[in-house]
Amino acid sequence: MRISHFTVALLLFTTILHPPACDQTVTRRVESGQDMSAGQPVQNYALIRQQDTPDEIIRKAARVFPTGQQLAWQKDEFNAFIHFGLNTFTDREWGNGTEDPALFNPSDFNARQWVGVIRDAGLKMLILTAKHHDGFCLWPSQFTDYSVMHISWKQGKGDVVGEVASACQEAGIKFGIYLSPWDRHEPTYGDSPRYNAYFRNQLRELLTNYGEISEVWFDGACGEGPNGKRQEYDWLSYYRVIRELQPNAVIFGMGPDVRWVGTESGDGRETEWSVIPDVIRTCDSIPLSGPFPVDSLFIPGDRIAKDLGSRERIMKAKTLSWYPSEADVSIRPGWFYHDDQDSLVKSPGQLVDLYFSSVGRNSVLLLNIPPDKRGWIHEVDVSNLLDMKKMLDRIFDTNLLTGADIRASHEIKGLEAFRVADGDYDTFWTADSSETFATIDIAFPQAASFDVLMLQENIRNGQRIEQFRLEAFIADQWQTVCNGTTVGYKRLLRFDTVETDRIRLVISQSRLNPELAEVGVYSSR
Ligand code: FUL
């Protein structure tokens, strides 16, 4: 069964959200990835004033930047989700919290096998369901009896979170946690202040005892507790705990750093803006003095509309924030392992398609790979993941722009066009500050054949490009090969094979002078 955040919201009336009070202030202790040379204040938000003209609003949108954590997270591109818990053993997707915890009994639990597969497949982080909606804890929590500490598996000395965290550290894989706020077992759930304290205690355990945590994953599922009352989550207090204990972690979903893309199919939007309106409230009684007041003003909620960041949307906004998208999807139909789905694992080609439709559309891909009852990633999943990696490597191994002659309509010393093919995201080309239209002309030393285009904006300095097209000189004339709207951190486009010795990238609309860090053309054949 596939269950989306949206379904959860509908079924359980989950998203009547209560924004935090204005007088609470949490300042992000972060460094921005932004280039300060322009002398602009470092901000991952902008306030729109009533008197701002449309042009000023567009320029403000182009000057909203990612924080250092958001930038680092985006550059990782592709991460693993691990759903493992009581549901693995009961063959369910959602437990109701009454399941016998003794059912959790992996016969050959092997965290190193998970991490080895994830590393070999080229993924950068593992996010583990430390607690799913059933409330069963995969670590020996001091605050509940419903955990690995109170079962016969490993004589009550097992700690799945600990073993996975260590295996990740050993292998150089980042580690993140999914901690479900919705808890169908915990008796204090629904008694809002008491449960919020319980939840913060669990967060503290996880964020203190397991080394560096790079992402904390919250969905908004919410229900009534045994007292018949709906739980009111105190999101702001959760963020405070995370900022205090793991200042470099990003907070996903019901958190201010990373947004849910809005589907569970692995598809980003063709037009995917990382700068979107009204993620934070304007709070007139408070001077927005610090560079990152977003935490205290963040409005939790799912942002699933088709158009989140177009000119039309931002014209109506009161605030704009850097709030990039993460696309979560499972390699199998379910989030948890079910042996009758062994024949339904996504094929290597389907996984490559997912990479194109998520990472290639300015999102980070979070691919769920659920271990089986042994506590292993199943052989079919392993084989498909490794074959996907081979296919991706084959496509992206050789950028055909390497060695080509690359010139732009506008070039500045130190920021020349050849830098887009130097394989280094930290260097970039930009047009003059007033130019929002630009072309890059590329001449290959000999005719090249390709069917993939890759563009990467220098998002340290914001997201700017609104319209682009690739043209090829074929049969004595310029022909459009493909076109698109947003680029962001990465845009990938596939098309029928083109053979030519000259191409031209036309950036026909941009919110400020375009800045490209990398451009590539590749052959997938
Ligand atoms: C949803 C949950 O209800 C699903 O079980 C799964 O964990 C998915 C990733 O998030 O909200």
So which heavy atom on D387 is nearest to which on P348, and how close?
CB-CG, 3.5 Å

Centroid separation H132 to Y178 less than 6.0 Å:
yes

Aromatic ring proximity, centroids under 6.0 angstrom, F175 and Y210:
no

Should I151 and L103 count as side-chain neighbours, where that means a heavy-atom distance under 4.5 Å?
no

Could you go step by step and tell me if K389 and D120 meet the salt bridge (charged side-chain N to carboxylate O under 4.0 Å, His left out) rule?
CA-CA 8 Å; K389 170 77 162 81; D120 294 348; over 6 Å; no

Is there a donor-acceptor pair under 3.5 Å between the side chain of T486 and the backbone N or O of G488?
no

Looking only at heavy atoms, which two atoms of H185 and G135 are closest? And how far apart?
CB-CA, 4.3 Å

Do the ring planes of F84 and F104 sit parallel (below 30°), tilted (30 to 60°) or perpendicular (above 60°)?
perpendicular

Check whether the side chains of D342 and Y337 place a donor and an acceptor atom closer than 3.5 Å, and report yes or no.
yes

Parallel, tilted or perpendicular for Y195 and F199, by the 30°/60° rule?
tilted

Checking side chain to side chain contact (heavy atoms under 4.5 Å, CB included) for the pair D183/H133: CA distance, chi angles, key distance, verdict?
CA-CA 5 Å; D183 187 323; H133 307 328; over 6 Å; no

Under a 3.5 Å distance rule, please check whether S383 uses its side chain to pair with a backbone N or O of E379 as donor and acceptor.
no

Using ring centroids (six-membered ring only for Trp), state whether W94 and W335 fall under 6.0 Å.
no

Evaluate E215 against W73 for side chain to side chain donor-acceptor pair (under 3.5 Å), listing each step before the verdict.
CA-CA 9 Å; E215 182 164 339; W73 167 86; 3.0 Å; yes

Run the side-chain contact (heavy atoms from CB on, under 4.5 Å) test against K154 and tell me which residues pass, sequence neighbours left out.
F109, E163

Is the backbone N or O of D108 less than 3.5 Å from a side-chain atom of W376, with the two atoms forming a donor-acceptor pair by type?
yes

So, do L203 and L179 sit near enough that their side-chain heavy atoms are less than 4.5 Å apart?
yes

Return a table of donor-acceptor pairs under 3.5 angstrom between the side chains of residues 121-128 and protein atoms on other chains or two or more places apart.
none

Y323 ring center near F298 ring center (under 6.0 Å):
yes

Kindly indicate whether the side chain of D328, heavy atoms from C-beta on, has any atom under 4.5 Å from the side chain of E264.
yes

What pair of heavy atoms forms the shortest contact from G95 to N87, and how long is it?
N-OD1, 3.1 Å

Using the rule given for side chain to side chain contact (heavy atoms under 4.5 Å, CB included), can you reason through R460 versus F65, listing the C-alpha separation, both sets of side-chain angles and the distance that settles it, and then say yes or no?
CA-CA 6 Å; R460 278 184 202 79; F65 309 116; over 6 Å; no

With E272 as reference, evaluate R259, R361, K306 under the salt bridge (Lys or Arg N to Asp or Glu O under 4.0 Å) test and give the passing residue.
R259

On a heavy-atom basis, which atom in N196 and which in E232 lie closest, and how many Å separate them?
ND2-O, 3.1 Å

Quick one: are P324 and Q70 in side-chain contact, heavy atoms under 4.5 Å?
yes

Whether the side chain of Q113 engages the backbone of I377 through a donor-acceptor N/O pair (distance < 3.5 Å, no angle test) should be reported.
yes

Answer whether the closest heavy-atom distance between the side chains of N201 and E205 falls below 4.5 Å.
no

For the side chain of S363 and the backbone of L365, is there at least one donor-acceptor N/O pair under 3.5 Å apart?
no

Classify the angle between the aromatic ring planes of W235 and F218 as parallel (below 30°), tilted (30 to 60°) or perpendicular (above 60°).
tilted

Does K318, at its NZ atom, have more than 12 non-hydrogen atoms belonging to other residues, nucleotides or ligands within less than 6.0 Å?
no

Verdict with supporting geometry, I331 and N368, side chain to side chain contact (heavy atoms under 4.5 Å, CB included)
CA-CA 6 Å; I331 193 168; N368 181 59; 5.9 Å; no

What closest approach, in Å, do R243 and A249 show between heavy atoms, and which atom pair accounts for it?
NH1-O, 3.5 Å

Pair S321, N44: side-chain N/O donor-acceptor within cut-off below 3.5 Å:
no

Point-to-point distance, once rounded to the nearest 0.5 Å, from CZ of R119 to SG of C168
10.5 Å

Below 30° counts as parallel, above 60° as perpendicular, anything between as tilted: where do the rings of F78 and Y355 land?
tilted

Is the backbone N or O of G97 less than 3.5 Å from a side-chain atom of E99, with the two atoms forming a donor-acceptor pair by type?
yes

Determine whether E326 and F252 make a side-chain contact, defined as any pair of heavy atoms from C-beta on separated by less than 4.5 Å.
yes

Which is it for R200 and S237 under the side chain to side chain donor-acceptor pair (under 3.5 Å) test, yes or no, and what are the steps along the way?
CA-CA 8 Å; R200 283 190 299 268; S237 73; 2.8 Å; yes

Is a donor on one side and an acceptor on the other found under 3.5 Å between the side chain of D52 and the backbone of R49?
yes

When rounded to the nearest 0.5 angstrom, what is the spacing between NZ in K490 and CD1 in I459?
11.5 Å

Under 3.5 Å, is there a donor-acceptor pair between the side chain of Y238 and the main chain of P181?
no

Check: F336 ring centroid to H338 ring centroid under 6.0 Å:
no

Check against side chain to side chain contact (heavy atoms under 4.5 Å, CB included), T271 and D307
CA-CA 8 Å; T271 301; D307 171 13; over 6 Å; no

Just how far is it from atom OG of S325 to atom CG of L308, taken to the nearest 0.5 Å?
9.0 Å

Would you find more than 12 non-hydrogen atoms of other residues, nucleotides or ligands less than 6.0 Å from R112 atom CZ?
no

Look up atom NZ in K316 and atom OG in S310, then write down how far apart they are to the nearest 0.5 Å.
7.5 Å

Indicate yes or no: at least one non-hydrogen side-chain atom of Y45 is less than 4.5 angstrom from one of T319.
no

Walk me through it: do T188 and D191 pass the test side chain to side chain donor-acceptor pair (under 3.5 Å)?
CA-CA 5 Å; T188 61; D191 179 347; over 6 Å; no

Walk me through whether N362 and S274 qualify under side chain to side chain donor-acceptor pair (under 3.5 Å).
CA-CA 8 Å; N362 191 30; S274 293; 3.2 Å; yes

Would F136 and F89 count as a close aromatic pair, with their ring centres under 6.0 Å?
no

Non-hydrogen atoms of I82 and P371 that approach each other most closely
CG2-CD, 3.6 Å

Could you tell me whether a side-chain N or O of Q69 sits under 3.5 Å from a main-chain N or O of P247, the two making a donor and an acceptor?
yes

Got S192 and D234 here, is their nearest side-chain heavy-atom distance under 4.5 Å?
no

Distance from D134 atom CG to T129 atom OG1, nearest 0.5 Å?
9.0 Å

Rounded to the nearest 0.5 Å, the CG atom of D372 sits from the OG1 atom of T88 at a distance of 9.0 Å

